[in-house]
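Shown next, in structure tokens, is the structure this report addresses.
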Amino acid sequence: MVRFITLLAATLLSVTAMAGDEKDKHDSTMKPSAATFDALDKNADSQISKTEAAADKMLSDSFASADTNGDGYLSKAEYAATARSKS
Ligand SMILES: [Ca+2]
Ligand SMILES: [Ca+2]
């Protein structure tokens with residue numbers, strides 16, 4: 001049951017994200033993944049380095065595949081794509 005609710009919430013979040021009009025929005029309706037991103041981004045350069053990713057075992061393990069453009073950092077978009085592909 002909890003699993004189902006989580007799935008439902010994730011689906012709702014994706015739908016909300018796709019509805020757009022999020023560009024200048026901060027806090028309040030932030031997606032959980034964004035909050036996690038900011039928490040991991042210790043030096044606040046809007047990218048997660050391999051060192052920063054080490055704080056999250058799962059992210060650290062999937063870092064190479066998450067870094068789709070191979071620059072050694074995870075952008076917010078790359079992080080979001082990874083977080084979404086996980087269940
Ligand atoms: Ca960073
Ligand atoms: Ca990258």
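Just follow the structure's listing: the first ligand is 1, and inside any ligand the first atom is 1. When reading the values below, keep in mind they use all heavy atoms of this one structure, side chains included, and skip hydrogens, waters and symmetry mates.
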T68 N/O/S atom closer than 3.0 Å to the Ca ion (ligand 2)
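Checking the Ca ion (ligand 2) against T68, no N, O or S atom falls under 3.0 Å.
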Considering only N, O or S atoms of D45, the one closest to the Ca ion (ligand 1):
OD1
Which atom of A53 lies closest to which atom of I48, heavy atoms considered:
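For A53 and I48, the tightest heavy-atom pair comes out as N-CG2, 3.6 Å.
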Before moving on, can you tell me the angle at the Ca ion (ligand 2) between the O atom of Y73 and the OE1 atom of E78, to the nearest 10 degrees?
80°
What angle sits at the Ca ion (ligand 2) between OD1 of N69 and OD1 of D71, to 10°?
80°
With the Ca ion (ligand 1) as the apex, the OD1/O angle for D41 and Q47 - to 10°
80°
Nearest 10° is fine: what angle sits at the Ca ion (ligand 1) between OD1 from N43 and OE2 from E52?
70°
Atom pair [atom1] ([X]) and [atom2] ([Y]), whose distance is rounded to the nearest 0.5 Å:
X   : Y   : atom1 : atom2 : result
L40 : L74 : CG    : CG    : 9.5 Å
S60 : E52 : OG    : CD    : 12.0 Å
Y79 : D38 : OH    : CG    : 10.0 Å
D56 : T36 : CG    : OG1   : 8.0 Å

The Ca ion (ligand 2) - name of the N/O/S atom of D67 that sits closest to it:
OD1
If you define the side chain from C-beta out and look only at heavy atoms, does anything of K50 sit under 4.5 Å from D67?
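No - every pair of side-chain heavy atoms lies 4.5 Å or more apart.
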